[in-house]
Amino acid sequence: MAISERQFIEYVTQNQTNAWLLDGLADLQLPQATLTAGCLFQTVWNLKSGYEPERAIKDYDVFYFDAGDLSWEAEDAVIRRANRLLGDLAEKVEIRNQARVHLWYERKFGAFCPPLKRVEDGIDRYLVACTRLGIRIGDRSLYAPDGLDDMWNGILRLNPNNPQIDLFERKCRDYRTRWPWLTMAV
């Protein structure tokens with residue numbers, strides 16, 4: 001069984017936080033602003049499991065891409081602007097400039113990351129292939145380079161673009177504690 005892009009976005013927006021972020025953050029006019037990561041696929045897995053859409057979602061990731069100023073101060077200014085707009089949601093939303101990732105990635109994750117050229121490059125580095133998903137803020141266009149079948153069917157595969165097996169296995173174990181029906185494919 002598969003899911004269409006339209007159905008996927010309908011599922012994702014049953015999570016009211018996702019729906020608000022997809023519309024409300026457009027006011028920030030961030031270049032390439034995209035809602036991504038766990039808040040998308042975990043909402044779908046929650047609904048498929050009969051859970052509330054927001055159950056066990058730890059944070060909501062928003063990526064943007066601005067190569068004009070790679071300083072932490074510039075990114076922090078964007079985060080502060082967003083926090084004023086987000087209000088109580090601010091503690092759940094993580095906003096990151098993907099143009100800066102190469103400056104801190106190796107220190108945080110222990111692996112080299114080349115400079116990224118667009119938001120999708122950051123999404124393409126996710127450890128689990130079926131989680132490489134993003135929805136553009138404002139127009140709700142979907143980025144899903146691996147399609148939606150594995151995500152819908154709960155098949156977790158190592159992303160060959162970021163083959164960190166230990167981190168992949170740890171992430172899969174974490175997902176499977178929350179959604180036991182997921183399967184790891186080697």
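Along the sequence shown, residues are numbered consecutively beginning with 1.
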Inset, instruction - May I have all residue pairs that pass ring pair (Phe, Tyr, Trp, His ring centres under 6.0 Å) and include part of residues 72-105, sequence neighbours excluded? - result: Tyr105-Phe109
If you take all heavy atoms of [X] and [Y], which pair is closest and at what distance?
{"X": "Ala2", "Y": "Asp149", "value": "CB-OD1, 3.1 Å"}
{"X": "Ala185", "Y": "Ile155", "value": "CB-CG2, 3.8 Å"}
{"X": "Leu85", "Y": "Leu28", "value": "CD2-CG, 4.0 Å"}
{"X": "Leu127", "Y": "Gln164", "value": "CD2-CB, 3.9 Å"}
{"X": "Ala90", "Y": "Asn83", "value": "CB-OD1, 3.3 Å"}
{"X": "Gly138", "Y": "Ala26", "value": "CA-CB, 4.2 Å"}

Legend entry - Those residues that, when tested against Glu5, pass side-chain contact (heavy atoms from CB on, under 4.5 Å) (two or more places apart): Leu142, Leu148
Inset, instruction - Applying side-chain contact (heavy atoms from CB on, under 4.5 Å), name anything that partners Ala77, two or more places apart in sequence or on another chain. - result: Arg80
Going from [atom1] on [X] to [atom2] on [Y], what distance comes out if it is rounded to the nearest 0.5 angstrom?
{"X": "Leu25", "Y": "Leu89", "atom1": "CG", "atom2": "CG", "value": "9.0 Å"}
{"X": "Phe63", "Y": "Glu94", "atom1": "CZ", "atom2": "CD", "value": "8.0 Å"}
{"X": "Glu75", "Y": "Leu103", "atom1": "CD", "atom2": "CG", "value": "9.5 Å"}
{"X": "Leu182", "Y": "Arg173", "atom1": "CG", "atom2": "CZ", "value": "14.0 Å"}
{"X": "Ile135", "Y": "Asn18", "atom1": "CD1", "atom2": "CG", "value": "7.0 Å"}
{"X": "Leu35", "Y": "Leu22", "atom1": "CG", "atom2": "CG", "value": "5.0 Å"}

Inset, instruction - Before accepting this row, confirm whether a basic side-chain N of the pair Arg140/Asp23 lies closer than 4.0 Å to the acidic partner's carboxylate O. - result: yes
Inset, instruction - Look at atom CD of Glu52 and say whether more than 12 heavy atoms of other residues, nucleotides or ligands are closer to it than 6.0 Å. - result: no
Inset, instruction - Give a yes or no on this: more than 12 heavy atoms of other residues, nucleotides or ligands lie within 6.0 Å of atom NZ of Lys171. - result: no
Check: [Y] main-chain N/O paired with [X] side-chain donor or acceptor under 3.5 Å:
{"X": "Arg125", "Y": "Asn162", "value": "no"}
{"X": "Asp124", "Y": "Arg132", "value": "no"}
{"X": "Thr34", "Y": "Gln32", "value": "yes"}
{"X": "Arg157", "Y": "Ala129", "value": "no"}
{"X": "Asn159", "Y": "Asn161", "value": "yes"}
{"X": "Asp150", "Y": "Cys130", "value": "no"}

Inset, instruction - State which residues pass salt bridge (charged side-chain N to carboxylate O under 4.0 Å, His left out) with Arg170; sequence neighbours excluded, sorted by chain then number. - result: none
Legend entry - Minimum side-chain heavy-atom gap Phe8-Val12 below 4.5 Å: yes
Legend entry - Reference residue Trp152; test ring pair (Phe, Tyr, Trp, His ring centres under 6.0 Å); the match among Trp181, Tyr11, Trp45: Tyr11
Inset, instruction - Answer yes if Val128 and Met184 sit in the same cluster of Ile, Leu, Val, Met, Phe, Trp and Tyr residues linked by side chain heavy atoms under 4.5 Å apart, and no otherwise. - result: yes
Legend entry - Same apolar cluster (I L V M F W Y, side chains within < 4.5 Å links), Leu21/Tyr143: no
Legend entry - Verdict with reasoning, Phe41 to Tyr175, per ring-ring contact (aromatic ring centres under 6.0 Å, His included): CA-CA 11 Å; Phe41 59 86; Tyr175 291 160; 5.6 Å; yes
Legend entry - Trace of the side chain to side chain contact (heavy atoms under 4.5 Å, CB included) decision for Leu30 with Phe65: CA-CA 8 Å; Leu30 298 174; Phe65 192 90; over 6 Å; no
Legend entry - side chain to side chain contact (heavy atoms under 4.5 Å, CB included) assessment of Val101 paired with Gln98: CA-CA 5 Å; Val101 170; Gln98 294 303 286; 3.5 Å; yes
Inset, instruction - Could you check Arg96 against Ile79 for side chain to side chain contact (heavy atoms under 4.5 Å, CB included), going step by step and ending with a plain yes or no? - result: CA-CA 8 Å; Arg96 293 294 177 259; Ile79 292 167; 3.3 Å; yes
Inset, instruction - Say whether Thr36 and Tyr126, considering side chains only, have a donor N or O and an acceptor N or O under 3.5 Å apart. - result: yes
Legend entry - Pairs meeting criterion side chain to side chain donor-acceptor pair (under 3.5 Å) with involvement of residues 53-69, two or more places apart: Asn15-Tyr60, Thr17-Glu54, Asp69-Ser71
Solution key, residues 111-123 side-chain donor-acceptor pairs under 3.5 Å, sequence neighbours excluded:
unit_1, atom_1, unit_2, atom_2, d
Arg118, NE, Asp121, OD1, 3.1
Glu120, OE2, Arg136, NH2, 2.6
Asp121, OD2, Lys117, N, 2.8
Asp121, OD2, Arg118, N, 3.3

Inset, instruction - For side chain to side chain contact (heavy atoms under 4.5 Å, CB included), just list the numbers for Glu10 and Arg6, CA-CA rounded to whole Å, side-chain angles, deciding distance to a tenth of an Å, and then say yes or no. - result: CA-CA 6 Å; Glu10 285 175 6; Arg6 181 187 55 76; 2.7 Å; yes
